[in-house]
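Inspection log for the structure reproduced underneath, given as structure tokens.
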Amino acid sequence: MEIAVIHCIILGVISGLTKGAGVLPDSPLNAAVGETVMFNTTVTPPENPFILMTWKFGDKNIIIFNGNNFTSPEYEGKITLFMSTGSLELRNLALNDTGEYSVSIVSLGELPMDGSTRLNVNVPFSNVMATASSTDMVEFNSSVRLFCSSSGSSLSFLWLNGSSEVTASDRVQLTDGGSTLTIVNVSRYDQGPFRCCVSNPVSNGTSDPITLSISYGPEDINLTISLSQEYYGKGLMNIQMSQSGNYSCQAFNNKTLRYETSQPAAVSVLERISGAFVTPTTNLTIEGISVNLTCDAAGSVFTRKWMKDGSDLTLAGNMNLYDKNKVLSFNSLKTTDSGEYSCNTSNPLSNDEAKYSLVVIYGPENVQITGPSEIHVGQSFTLNCSADSTPSATYTWILNGTEIHNSAEFTKNNTDLSDSGSYTCQAMNSITERTSTAVHGLSVTDRRSGGLSAGAIAGIVISCLVIASAGGAVGGHYVYKNKINNKAPPPSDNKEKEEPVYENTSAVYENL
Ligand SMILES: *[C@@H]1O[C@H](CO)[C@@H](O)[C@H](O)[C@H]1NC(C)=O
Ligand SMILES: *[C@@H]1O[C@H](CO)[C@@H](O)[C@H](O)[C@H]1NC(C)=O
Ligand SMILES: *[C@@H]1O[C@H](CO)[C@@H](O)[C@H](O)[C@H]1NC(C)=O
Ligand SMILES: *[C@@H]1O[C@H](CO)[C@@H](O)[C@H](O)[C@H]1NC(C)=O
Ligand SMILES: *[C@@H]1O[C@H](CO)[C@@H](O)[C@H](O)[C@H]1NC(C)=O
Ligand SMILES: *[C@@H]1O[C@H](CO)[C@@H](O)[C@H](O)[C@H]1NC(C)=O
Ligand SMILES: *[C@@H]1O[C@H](CO)[C@@H](O)[C@H](O)[C@H]1NC(C)=O
Ligand SMILES: *[C@@H]1O[C@H](CO)[C@@H](O)[C@H](O)[C@H]1NC(C)=O
Ligand SMILES: *[C@@H]1O[C@H](CO)[C@@H](O)[C@H](O)[C@H]1NC(C)=O
Ligand SMILES: *[C@@H]1O[C@H](CO)[C@@H](O)[C@H](O)[C@H]1NC(C)=O
Ligand SMILES: *[C@@H]1O[C@H](CO)[C@@H](O)[C@H](O)[C@H]1NC(C)=O
Ligand SMILES: *[C@@H]1O[C@H](CO)[C@@H](O)[C@H](O)[C@H]1NC(C)=O
């Protein structure tokens, strides 16, 4: 409003510059219809009165004073001449009073003084009003025309957009003396408010504002996901794996009839991992065979990591990983492969670990007997048998083809000569079904007679180790036949005192 007024004032000052001269003002006088205007001269009242004063409108006389007043009839009652300055008052102005006024004044003994100026008589504006061809528009798709109407004379128009004056451009046209504003392809920023400012030298005013409604968009559409995260657990807010995917949304404006689609947003639903397990292809993890450990779990398994005995697994030459670490494969088990294997299955939401204790089954090997080789009658002796074996071997002591004891340690009290002999220890692995034996010679001597020297007897220890073929233990079935076992057991009450005889024991494996 204030700024609007300022614009209007500027407009008023700019209009209608005309030259004035002499004793009358340079700038034209402006007055409204019906008003009174005063043509003041710059003359100071002289010592002697004026002898001649003439006022003209164009080339028509208004009044002549030469001692008497001669007023033109149409100015009777409409003017007053001021005798001291020569100024003229013109009352009840009409539009046809607009024009050039001139004066000539003569005083005694002085040069005549002349002057001229212009009077503009204006009808003040009234009823200023702005109207729009439409106020409901679609951005880039509509043009609008704003009209300003007002009554009054010599009216100038300008338009205000908010507080700024509208200036013409390629899409803004000002026509009909500025009273019509055309905006081609309106933008959302053209909503205004637009006001028309009308002015003439005697009045100015602004119209009520017009605000345009300009529909636009949709644009800048954003899809945001509440609880945004990279992965979602299945079941969280009841979401399912099948709901994974790229989501986008489309907005529609039913005014502009335009659509816009958002950037896609990825939703990844995962199932939490549970029930991790490691299973071997066989429980008979016998040395030399091939076995695969399979690691799996329920849920969305992203990664699997193997460890052995609490440390990261280093793949030995007989190991391989297949199927993205799902299968840990041993192509020929070694005893050193025994240990606790753990497999950690994970995805970004969860993980689970499973353990498997791999015990490599082997043996028996390296059967050894410890104990004395020579004792005297009446003494006690203990023989200990050991063997490398997993699981631990079971031991059978055999003397002269007869099973005499069923554990690793064999003790005999109060010996006599008949206890001499070849003591055979047979170690057996219940899973590999292999046996292995060692023989220990023991000489029981009478205290009085010398018998064989201890060294000689120790040298006669013979051990025999028979190993079944490696492949047979997995697929085939073996029956162990021992010649000694086939012999009829000797009578238990045999008390004959004979010199010990050491013979080779032998075993035969038959593959059935
Ligand atoms: C003319 O002079 C009178 C009296 O001095 C003054 O009131 C009036 O405003 C003057 N008019 C103009 C247009 O200068
Ligand atoms: C001429 O008219 C003016 C007023 O317009 C008046 O003051 C003056 O006395 C008149 N002079 C004579 C001689 O009538
Ligand atoms: C202006 O017009 C009126 C009639 O409308 C007339 O009486 C008057 O004489 C005119 N004045 C001049 C200066 O022409
Ligand atoms: C109206 O003013 C705004 C800034 O306020 C401008 O972006 C827009 O182009 C103007 N519109 C016209 C028709 O002048
Ligand atoms: C414009 O109007 C204001 C009052 O609304 C007035 O003070 C000002 O003088 C006017 N300007 C012109 C040039 O008529
Ligand atoms: C969409 O996002 C952009 C960039 O962050 C932003 O500038 C714009 O205002 C947003 N749109 C909405 C409708 O929130
Ligand atoms: C257009 O959308 C607006 C806002 O959603 C709604 O109020 C109006 O009913 C819709 N008009 C039509 C014709 O669908
Ligand atoms: C936009 O203008 C085109 C061509 O003038 C017209 O076919 C279309 O209906 C207009 N769209 C709207 C939303 O007014
Ligand atoms: C290994 O032993 C477990 C437990 O006794 C059994 O559930 C599984 O089926 C066995 N696996 C094989 C391959 O025989
Ligand atoms: C172990 O897995 C590998 C790779 O899948 C396969 O080639 C091999 O035959 C499997 N071995 C056993 C003993 O199942
Ligand atoms: C041998 O004697 C010891 C103690 O003298 C006794 O504890 C042990 O049971 C006896 N062993 C046998 C097989 O008689
Ligand atoms: C074992 O056999 C040998 C010779 O065949 C014999 O001398 C010895 O007494 C026997 N020992 C036992 C305990 O039968």
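Just so we're clear, the structure is a prediction, and the values are computed from it rather than from any experiment. Remember, it's 1-based here, ligands and their atoms both numbered in the order they're listed.
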Below a 4.0 angstrom heavy-atom separation, can you tell me which part of T279, side chain or backbone, both or neither, approaches ligand 9? neither

Salt bridge (Lys or Arg N to Asp or Glu O under 4.0 Å) filter on E409, not counting sequence neighbours, yields none

Only counting residues at least two apart or in another chain, list the ones meeting salt bridge (Lys or Arg N to Asp or Glu O under 4.0 Å) with E340.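 With sequence neighbours excluded, E340 shows a salt bridge (Lys or Arg N to Asp or Glu O under 4.0 Å) to no residue whatsoever.
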
For ligand 9, which atoms, with element, lie under 4.0 Å from some heavy atom of T281? 13 (C)

More than 12 heavy atoms of other groups within 6.0 Å of F147 CZ: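 Atom CZ in F147 is crowded, with more than 12 foreign heavy atoms closer than 6.0 Å.
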
Let's go through Y341 and Y356 carefully: what are the C-alpha distance in whole Å and the side-chain angles of both, what is the deciding distance for ring-ring contact (aromatic ring centres under 6.0 Å, His included) to 0.1 Å, and is it a yes or a no? CA-CA 5 Å; Y341 289 80; Y356 177 74; 7.6 Å; no

Output every pair passing salt bridge (charged side-chain N to carboxylate O under 4.0 Å, His left out) with a member in residues 306-335, not counting sequence neighbours, ordered by first then second residue. D296-K326, K305-D312

With ring centroids as reference points, do Y423 and F381 lie under 6.0 angstrom apart?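 Yes.
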
Would you mind running through ligand 7 and noting each atom that sits below 4.0 Å from a heavy atom of N254?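 Selected atoms, number and element: 1 (C), 2 (O), 3 (C), 8 (C), 10 (C), 11 (N), 12 (C), 14 (O).
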
With the side chain counted from C-beta on, respond yes when C148 and W159 share a heavy-atom pair under 4.5 Å apart, and no when they do not.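 With C-beta onward as the side chain, the pair touches.
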
Pairwise, report which nitrogen or oxygen atoms of ligand 6 are under 3.5 angstrom from protein nitrogen or oxygen atoms, and how far apart they are.
{"residue": "ligand 6", "atom": "2 (O)", "partner": "N222", "partner atom": "OD1", "Å": "3.1"}
{"residue": "ligand 6", "atom": "2 (O)", "partner": "N222", "partner atom": "ND2", "Å": "2.3"}
{"residue": "ligand 6", "atom": "11 (N)", "partner": "D220", "partner atom": "O", "Å": "3.0"}
{"residue": "ligand 6", "atom": "11 (N)", "partner": "N222", "partner atom": "ND2", "Å": "2.8"}

